[in-house]
Amino acid sequence: MSFLSERKKTHSAGALRVTDVGRSVVLCGWVQSRRDHGGCVFIDLRDREGQTQIMFSPDVDAAAHALAGELRGEFCIGVEGVVASRGGNVNPKLPTGAIEINATRLEVFSRAETPPFQITDDLDTNEALRLKYRYLDLRRPALQKNFIVRSKASQLTRSFLHGQGFLELETPCLVKYTPGGARNFLVPSRQNQGSFYALAESPQIFKQLFMVAGMERYFQITRCFRDEDLRLDRQPEFTQIDVEMSFVTEEDVQGCMEGMLAEIWRGVLSVELPRPFLRMSHDEAMRRFGSDKPDLRIDLELAEITDAARASGFKIFEQAVAAGGIVKALRIPAPGDKLSRSVLDGLTEYAMPYGARGVAFARVLEGGAWQAPFAKVLTDDARTAMNEQTGAVPGDVLLFVADRAKVVNAALGALRLHLGQKLGLVREGWRFLWLVDMPLFEQADDGSFAAAHHPFTSPRLEDLPHLESDPARCKARAYDCVLNGNEIGGGSIRIHQPEVQARLFHALGLSDEEVQRKFGFLLEAFRYGPPPHGGIAFGLDRLAMLLCGANSLRDVIAFPKTQKGTDLMTDAPSSVATRQLDELGILVKPEVLAKS
RNA sequence: GGGGUGGUGGUUAAGUUGGUUAUAACGCCGCCCUGUCACGGCGGAGGCCGCGGGUUCGAGUCCCGUCCACCCCGCCA
């Protein structure tokens, strides 16, 4: 008879306490460490809930003790024994530190080679190795905790939304390619050679069709795919909490989602979120923080000083304004000696990736005078106005960027975050906000307009007359949910009138023929009584990352991809046999083949 | 597509101006040890210095190229 057919695991390795002393137990797990004293052998047994010390003594069971001498790290074992008090030898660092198991039986389920890195939380191993041996990395308690949190968040989401009358419905991953937005992964069709599916970048159109179908409230925790370059907070496949509701306004969707987030924060962290969340217009966020996802834990703000800069005497400012640009300042209150001249000089290099050609700086002295490289060319009036508009007082440092508005906001917005962190100005807490009054369109450098959110987003009613004449001024009924500087969700009230949808496609420069070919099925659906509807999608991975305090999305995705989109464990993507390609009617270009 | 950081025993790092046998900690192996819990003691093994060229009497170190990982810009409706 095998060990497991005669006895079952009775407790997790984190469960037992002094009150369990005397109890007969069976634990199963992995050997964290072995301390062999010749006479007795101590083992730390680890499972996902914690670790427990096992004591093997020849006085308790000679056979078990003898076998314990063979144990090594990461052996998978089962232990039967009796819970005993450690008496005076308590380990205060462990929740189970007051007890140990006097082992009467040891079963080695499997032996382990020495792992390529140690299974411990204070691990400092390069990511490539961790990813290659991901199943070992995932044994580390810190990562296991992350996935326990993630699982809890999923469960709370599901139960909350079910409780609110949502139906959990599924949509296809293999979908029709639709232009615009993120690049799609393509999947060749064997049965229709020369044709391709796209992997869904989101269930957007399907969830709207659920509304047309009368499902009224839909949600899905679903995988999405985007073939774009990766970042710390971006993976090519990721998980969305996707939601759509009929007969609602922006406030209804936001209110419902605040309830969901509050439920998650309460359930996972025992934190009560104050509601309603702050609402802030996109314009205000850009003006004050230079970002469409401001981190409100940092009090620093930008101030526009374009008017004062126009005839300020400082050529760099004047030229930027003359060229149609703007000048903004970031005020750092009383940094003392934390912002040395060399640190300030280094900020230019920091701002350059955002397109800024330089960062000007000034120290505000007693009486409002400035100590700055350009102080002597600056007019008194300009300086006075700038002091006033930034709220600068003696001891402050002002940082300036003069350029196109896009560059100025990007650079100063990034400096605000950078210096906020560097100077220790990031306060504790959960600062949620809704970004509202988003632009409907986004203007490219060539002057063309694209949908800022997606082309099914409803314009504000009052902007409808300007859709064709002045697209830049049109606002969308769209909203982003931002938490501590992270975009965690975004959605909108959709267009449900076919004629408005047609006008929008038009404004985006799509011809009737194109619209028909690409979105004909949607417009057709909207001819059959579509309800007014709207929705939102949250990035579950990002939520999990923030809930866990993780540094990277990779720490909350079980099997993540590298920055080049590869899986180091399975070696995906990989080449395939010519026969497989033949079936699909695909030929790899000779020059591509030659390189691989 | 562009910029940056890194790659040295299993792991993490040190390695000076180019110069003898590449160093340490942890891990690993063996022996000893009945109260350890970062156990301890003694002994030991383990290196294509990412890869390929080049300069040089001589390269871990300098130069060129290349691969991989990470961070950022572009990109991400």
Side-chain angles (χ1 to χ4, degrees), chain A residues 32-45 51-60 65 69 72-74 84 86-94 96-98 100 102 113-120 122-133 136 178-184 201-202 204-205 224-236 238 349-356 407 410-411 414 417-418 438-442 444-445 449-457 476 478 487 490 492 504 508 537 539 551-552 554 560-564 566 568 595:
Chain A
Q32 177 70 36
S33 68
R34 176 182 61 114
R35 295 175 293 279
D36 186 344
H37 287 256
C40 66
V41 176
F42 297 99
I43 297 291
D44 290 332
L45 179 84
Q51 66 179 55
T52 300
Q53 175 164 286
I54 315 294
M55 204 272 286
F56 296 92
S57 164
D59 309 333
V60 177
H65 173 260
R72 294 295 183 276
E74 301 312 313
R86 289 208 209 170
N89 296 312
V90 169
N91 182 348
K93 284 181 253 176
L94 289 179
T96 60
E100 63 190 352
N102 286 332
E113 292 181 19
T114 303
F117 49 82
Q118 286 171 268
I119 311 302
T120 131
D122 48 12
L123 166 89
D124 185 20
T125 299
N126 80 65
E127 288 240 12
L129 199 71
R130 289 176 51 197
L131 289 173
K132 180 171 179 191
Y133 298 94
L136 295 179
T178 50
R183 187 181 293 116
N184 290 98
E201 60 185 81
S202 85
Q204 183 60 38
I205 291 175
C224 301
F225 306 87
R226 295 182 186 174
D227 187 9
E228 298 291 348
D229 285 357
L230 281 70
R231 286 285 189 285
L232 185 75
D233 60 351
R234 274 162 37 188
Q235 281 273 315
F238 61 98
E349 197 175 339
Y350 187 85
M352 290 220 296
Y354 303 92
V407 169
L417 287 182
H418 175 63
M438 312 278 284
L440 184 62
F441 298 102
E442 210 161 66
D445 287 337
F449 286 93
H453 184 48
H454 57 58
F456 318 111
T457 300
E487 183 196 329
S492 63
L504 202 95
L508 290 169
N551 296 318
S552 164
R554 290 185 299 277
K561 305 279 191 288
T562 69
Q563 196 159 50
K564 282 191 71 187
T566 64
L568 295 178
K595 260 206 251 174

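What you see is a predicted model; the values in this text were computed from it and never measured. Throughout, protein chains are lettered first and strands after them, A, B, ... in sequence-line order, and every chain is numbered starting at 1. For the numbers below, each heavy atom of this structure counts, side chains included, while hydrogens, waters and symmetry mates do not.
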With a non-hydrogen cut-off below 4.0 angstrom, is [X] in contact with a base, only sugar-phosphate, or nothing?
{"X": "D59(A)", "answer": "base"}
{"X": "M55(A)", "answer": "base"}
{"X": "S202(A)", "answer": "base"}

Taking the same atom, [atom1], in [N] and in [M], what whole-Å distance lies between them?
{"N": "G44(B)", "M": "G7(B)", "atom1": "P", "result": "31 Å"}
{"N": "A59(B)", "M": "G18(B)", "atom1": "C1'", "result": "6 Å"}
{"N": "G60(B)", "M": "A22(B)", "atom1": "C1'", "result": "8 Å"}
{"N": "G53(B)", "M": "A13(B)", "atom1": "C1'", "result": "29 Å"}
{"N": "U16(B)", "M": "G52(B)", "atom1": "P", "result": "23 Å"}
{"N": "A69(B)", "M": "C64(B)", "atom1": "P", "result": "23 Å"}
{"N": "C37(B)", "M": "G43(B)", "atom1": "C1'", "result": "25 Å"}
{"N": "U61(B)", "M": "U56(B)", "atom1": "C1'", "result": "13 Å"}

**Residues R35(A), Q53(A); criterion side chain to side chain contact (heavy atoms under 4.5 Å, CB included); working and verdict** = CA-CA 10 Å; R35(A) 295 175 293 279; Q53(A) 175 164 286; 2.9 Å; yes
Whole Å only: how far is the [atom1] atom of [X] from the [atom2] atom of [N]?
{"X": "L136(A)", "N": "G27(B)", "atom1": "CG", "atom2": "P", "value": "18 Å"}
{"X": "R34(A)", "N": "G27(B)", "atom1": "CZ", "atom2": "C1'", "value": "13 Å"}
{"X": "L94(A)", "N": "A38(B)", "atom1": "CG", "atom2": "C1'", "value": "12 Å"}
{"X": "I43(A)", "N": "G35(B)", "atom1": "CD1", "atom2": "P", "value": "16 Å"}
{"X": "Q53(A)", "N": "U34(B)", "atom1": "CD", "atom2": "P", "value": "16 Å"}

**Request:** Take F456(A) and G97(A), find for each the nucleotide of RNA chain B with the closest heavy atom, and name the residue whose nucleotide sits nearer the 5' end.
**Result:** G97(A)
**Item:** 5' priority, RNA chain B, between A452(A) and R86(A) [closest heavy atom]
**Value:** R86(A)
**Asked** How would nucleotides 6-15 of chain B be written as a contact map, 5' to 3', with B for base contact, S for sugar-phosphate-only contact and - for no contact, using protein heavy atoms under 4.0 Å?
**Response** ----SSS---
**Asked** What string of B, S and - do you get for nucleotides 71-76 of chain B, 5' to 3', when a contact is any protein heavy atom under 4.0 Å?
**Response** BSBBBB
Within the pair [X] and [N], is there a side-chain N or O less than 4.0 Å away from OP1 or OP2?
{"X": "K564(A)", "N": "C70(B)", "answer": "no"}
{"X": "R35(A)", "N": "U36(B)", "answer": "no"}
{"X": "T566(A)", "N": "A69(B)", "answer": "yes"}

**Message:** Can you tell me if K561(A) has over 12 outside heavy atoms packed within less than 6.0 Å of its NZ?
**Reply:** yes
**Request:** Name the orientation class of the two ring planes belonging to F449(A) and F441(A) (parallel below 30°, tilted from 30 to 60°, perpendicular beyond 60°).
**Result:** perpendicular
**Message:** Checking the side chain of Q32(A) only, and the main-chain atoms of I119(A) only, is there a donor and an acceptor separated by less than 3.5 Å?
**Reply:** yes
**Side-chain (Q235(A)) to main-chain (R554(A)) donor-acceptor, under 3.5 angstrom** =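 No.
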**Fill in**
By salt bridge (Lys or Arg N to Asp or Glu O under 4.0 Å), R234(A) pairs with (sequence neighbours left out) none
Using the test ring pair (Phe, Tyr, Trp, His ring centres under 6.0 Å), find all partners of [X] that sit at least two apart in sequence or belong to another chain.
{"X": "F456(A)", "answer": "H454(A), F519(A)"}
{"X": "Y133(A)", "answer": "none"}
{"X": "H65(A)", "answer": "none"}

**Message:** Side chain of E100(A), heavy atoms from C-beta onward: which of C39(B), G35(B), C70(B) has the nearest atom to it?
**Reply:**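 Nearest listed nucleotide: G35(B).
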**Request:** Would you indicate which nucleotide in C37(B), U36(B), G30(B) comes nearest to any side-chain atom of R72(A)?
**Result:** G30(B)
**Complete:** Paired to C70(B) by Watson-Crick or G-U wobble criteria (both distances under 3.5 Å) is G4(B)
**Item:** Watson-Crick or G-U wobble partner of G40(B), both distances under 3.5 Å
**Value:** C32(B)
**Heavy-atom check, side chain of E201(A) versus side chain of E228(A), under 4.5 Å** =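 No, their side chains stay 4.5 Å or more apart.
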**Complete:** Correct closest heavy-atom pair for S202(A) and C224(A) would be CA-SG, 3.8 Å
